[in-house]
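The first residue of the sequence shown is numbered 1, and numbering continues consecutively from there. Just so it is clear, the structure is predicted and the values come from calculations on it, not from any experiment.
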Amino acid sequence: IKKLKNNNILPDVSLCDVNKKQVKIKDLIKKKTIIYFWTKQADSHAFYSHKKVDELKAKYPDIQFIAVNIHNSQEDWLKEIKAKNYNNSIELRASDFEELKNKWVINKVYRTMIINKNGTINDAFVSMFDANFENNLR
């Protein structure tokens, strides 16, 4: 957890995009970024988190949103994105959940991370469903 302290650089983990290309999180972060997590196994959370991002994007157009799928195969993940029309975020998939769990301390899908535009952590332990979440975005 010490690694995820505010103002530290977010550690790199194995992520891939919809084209099966490995991506480095630091290469994607050019502005304030919200990273959130989802899995088909928590279907209502997946739906409502993407819906919440629609609302947040309308209010905060300068913020970038990255959705990280944590449990599904590449094929299932792509099917789910298409079936649910998840297109409001940069969609990525964790290639190695154990690595993600260890480096980003992800043990629940309900967590959100706020990353500053320079790639440092603003807050790695928040929820976009918290009543005060938007105070972090202003």
Do [X] and [Y] have side chains that get closer than 4.5 Å, going by heavy atoms?
X	Y	value
L28	T33	no
N7	I121	no
E134	L56	yes
I34	F133	yes
K30	Q64	no

Rounded to the nearest 0.5 Å, what separates atom [atom1] in [X] from atom [atom2] in [Y]?
X	Y	atom1	atom2	result
K57	I63	NZ	CD1	11.0 Å
L10	I114	CG	CD1	12.5 Å
I70	R93	CD1	CZ	12.0 Å
T112	I35	OG1	CD1	10.0 Å
N87	I81	CG	CD1	10.0 Å
D54	N88	CG	CG	4.5 Å

Within the distance-only criterion (no hydrogens, no angle test), does the side chain of [X] pair as donor or acceptor with the backbone N or O of [Y] below 3.5 angstrom?
X	Y	answer
N72	K40	yes
N8	K3	yes
K32	I29	no
R111	V105	yes
H45	F37	yes
K103	D12	yes
H71	Q41	no
N19	K21	no
N6	N122	yes
S73	D76	yes

Nearest non-hydrogen partners of [X] and [Y], listed with the distance:
X	Y	result
S14	E99	N-OE1, 2.7 Å
A124	L4	CB-O, 3.8 Å
Q74	C16	OE1-SG, 3.2 Å
P61	K31	O-NZ, 4.2 Å

Same hydrophobic cluster for [X] and [Y], using side-chain heavy-atom links shorter than 4.5 Å among ILVMFWY?
X	Y	result
I9	M113	no
V18	F65	yes
F97	V23	yes
W104	I90	yes
W38	L15	no

Practice problem: Please find out if less than 6.0 Å separates the ring center of Y36 from that of H50. | Solution: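 Centroid separation for Y36 and H50: below 6.0 Å.
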
Practice problem: Check the pair Y110, S49 against side-chain contact (heavy atoms from CB on, under 4.5 Å), reporting the backbone distance first and the verdict last. | Solution: CA-CA 9 Å; Y110 305 102; S49 59; over 6 Å; no

Quiz item: So D62 and K117, salt bridge (charged side-chain N to carboxylate O under 4.0 Å, His left out) or not? Walk me through it.
Solution: CA-CA 11 Å; D62 295 338; K117 68 179 178 184; over 6 Å; no

Answer yes or no: are there more than 12 heavy-atom neighbours, outside [X] itself, under 6.0 Å from its atom [atom1]?
X	atom1	value
K82	NZ	no
Q22	CD	yes
F129	CZ	yes

Exercise. Determine, stepwise, if the pair W77 / E80 fulfils side-chain contact (heavy atoms from CB on, under 4.5 Å).
Key: CA-CA 5 Å; W77 170 60; E80 196 69 4; 5.8 Å; no

Practice problem: Quick one: do I66 and I25 satisfy side-chain contact (heavy atoms from CB on, under 4.5 Å)? Show the steps, please. | Solution: CA-CA 9 Å; I66 297 177; I25 198 73; 3.9 Å; yes

Exercise. Using a strict cut-off of less than 4.0 Å between a Lys/Arg side-chain nitrogen and an Asp/Glu carboxylate oxygen, indicate whether K51 and E55 qualify as a salt bridge.
Key: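 Between E55 and K51 there is no salt bridge, as every charged N stays at least 4.0 Å from the carboxylate O atoms.
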
Exercise. Give the C-alpha distance, both sets of side-chain angles, the deciding distance and a yes or no for side-chain contact (heavy atoms from CB on, under 4.5 Å) between R138 and Y60.
Key: CA-CA 8 Å; R138 293 187 178 99; Y60 307 97; 3.6 Å; yes

Self-check item: Sequence-distant partners of N102, side-chain hydrogen bond (donor to acceptor under 3.5 Å, both in side chains), two or more places apart
Solution: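 Testing N102 for side-chain hydrogen bond (donor to acceptor under 3.5 Å, both in side chains), a comparison that skips the adjacent residues, returns none.
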
